[in-house]
> 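Okay, handing you the structure first.
Labels below follow one simple rule: chain letters A, B, ... track the order of the sequence lines, proteins then strands, and each chain is numbered from 1.
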Amino acid sequence: MNVEQLYQALKKSQEAKGIYFNKDKDLVFELLESLILNKDRYGYMACPCRLACSDREKDKDIICPCVYREPDLEEFGACYCGLYVSKAVHNNQARVKYVPERRPPEKIC
Amino acid sequence: MNTEKPMLYALSTCSHCKSTKKLLNDCNVEYDYVEVDDLEGEERKAILEDIKALNPRCSFPTIKIKDTVIVGYKEKEIKAALGITE
């Protein structure tokens, strides 16, 4: 799957859930390219902004969309990487706040 | 005077790390960096311990500028630590 195909597929599936890509398309494409790179490297689309350990089971919380996306969208208006934003941010009714890491450090290996 | 170069702990795929690198480059700052996702084995373990000592959450980017540790792409804080005023 190339980056354009991934963009179109995710746009459709995520917008159906009320979750949108960041309006910074350069950022979105850069992150999608990194997701494809991680898929080649690890066999799964590990979050580009987190350190994966090549073990799918240990990394399952950071396979995009990560388990932290929902609380981050709710609290900060964007996910940790900035790939996805909330509906309110998408509609210019809210601004993205700095998103701190919420993944417990014990999970890094 | 502390003249050590800033140290950037980064990931090769991370957008915030790329933004931080661009900022340092745009400011013509000489710095050292390591992309932890490219490391393996003992080398990776040792660097992770170094990062955890600076930033217990071990998130990226982690930047050490003299005695200041900045976690994340925080342009104002990075510039302030570099002594860059606008």
> Using non-hydrogen atoms and a 4.5 Å limit, figure out which bit of Ser12(B) sits close to chain A: side chain, backbone, both or neither.
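Answer is side chain: those atoms of Ser12(B) sit under 4.5 Å from chain A.
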> Grab the two heavy atoms, one from Val71(B) and one from Tyr98(A), that are nearest each other, plus how far apart they are.
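Looking at all heavy atoms of both residues, the shortest contact is O-OH, 3.3 Å.
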> Is the count of non-hydrogen atoms from other residues, nucleotides or ligands lying under 6.0 Å from Lys97(A) atom NZ greater than 12?
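Not more than 12 within 6.0 Å, no.
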> Is the backbone of Arg57(B) close enough, under 3.5 Å, to the side chain of Arg103(A) for a donor and an acceptor to pair up by distance?
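Side chain of Arg103(A) to backbone of Arg57(B): no pair is present.
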> Do Ile84(B) and Leu8(B) sit in the same hydrophobic cluster, where Ile, Leu, Val, Met, Phe, Trp and Tyr count as joined when their side-chain heavy atoms come under 4.5 Å apart?
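Shared cluster, yes.
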> Between Val34(B) and Tyr31(B), is there shared hydrophobic-cluster membership here, with clusters defined by ILVMFWY side-chain heavy atoms closer than 4.5 Å?
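No, because Val34(B) and Tyr31(B) fall into different hydrophobic clusters, even though each may have its own neighbours under 4.5 Å.
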> State yes or no: do Tyr73(B) and Leu11(B) share one hydrophobic cluster built from I, L, V, M, F, W and Y residues joined by side-chain heavy-atom distances below 4.5 Å, directly or via other members?
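No, no single cluster joins them.
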> Can you confirm whether Glu30(B) is buried at CD, in the sense that more than 12 heavy atoms of other residues, nucleotides or ligands lie under 6.0 Å from that atom?
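Incorrect, the count does not exceed 12.
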> Determine, using the 4.5 Å side-chain heavy-atom cutoff (strictly less than), whether Leu31(A) and Tyr7(A) are members of one ILVMFWY cluster.
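Both belong to a single hydrophobic cluster.
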> Identify which one of Leu27(A), Asn22(A), Val28(A) satisfies the side-chain contact (heavy atoms from CB on, under 4.5 Å) criterion when paired with Ser15(B).
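Running side-chain contact (heavy atoms from CB on, under 4.5 Å) over Leu27(A), Asn22(A), Val28(A) with Ser15(B) returns exactly one hit, Leu27(A).
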> Tell me, side chain or backbone of Pro56(B) under 4.5 Å from chain A's heavy atoms, or both, or neither?
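Only the backbone of Pro56(B) comes within 4.5 Å of chain A.
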> Side chain, backbone, both or neither: which part of Cys17(B) has a heavy atom under 4.5 Å from chain A?
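For Cys17(B), no heavy atom lies under 4.5 Å from chain A.
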> Give a yes or no on this: more than 12 heavy atoms of other residues, nucleotides or ligands lie within 6.0 Å of atom CD of Gln8(A).
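It does: Gln8(A) CD has more than 12 such atoms within range.
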> Identify which part of Tyr80(A) has an atom lying under 4.5 Å from any heavy atom of chain B, answering side chain, backbone, both or neither.
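Both backbone and side chain of Tyr80(A) come within 4.5 Å of chain B.
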> Do you know which two heavy atoms are closest between Glu101(A) and Ser59(B), and how far apart they sit?
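Where Glu101(A) meets Ser59(B) most closely, the heavy atoms are CB-CB, 3.8 Å.
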> Out of curiosity, Asp37(B) CG to Asn38(A) CG, how far, rounded to the nearest 0.5 Å?
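Rounded to the nearest 0.5 Å, the CG-CG separation comes out at 7.5 Å.
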> For chain B, which residues of residues 43-77 of chain A have at least one non-hydrogen atom nearer than 4.5 Å to it?
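Pro48(A), Cys49(A), Arg50(A), Leu51(A), Ala52(A), Cys53(A), listed by number.
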> Determine whether more than 12 heavy atoms belonging to other residues, nucleotides or ligands lie under 6.0 Å from atom NZ of Lys87(A).
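No - once you tally the heavy atoms of other residues, nucleotides and ligands closer than 6.0 Å, there are 12 at most.
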> Just give me the residue among Arg44(B), Lys18(B), His16(B) that pairs up with chain A most often, heavy atom to heavy atom, under 4.5 Å.
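Counting heavy-atom pairs under 4.5 Å, the top option is Arg44(B).
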> May I ask whether Tyr42(A) and Ile36(A) are part of the same hydrophobic cluster, defined by side-chain heavy atoms of I, L, V, M, F, W, Y residues being less than 4.5 angstrom apart, directly or through others?
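No.
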> Above 12 or not: heavy atoms from other molecules or residues under 6.0 Å from NZ of Lys22(B)?
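Atom NZ in Lys22(B) is not packed in, count stays at 12 or less.
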> Does Gln93(A), at its CD atom, have more than 12 non-hydrogen atoms belonging to other residues, nucleotides or ligands within less than 6.0 Å?
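Yes, CD of Gln93(A) has more than 12 neighbouring heavy atoms, counting only those of other groups under 6.0 Å.
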> Heavy-atom distances under 4.5 Å only: say whether Arg41(A) touches chain B with side chain, backbone, both or neither.
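Looking at Arg41(A), just its side chain touches chain B.
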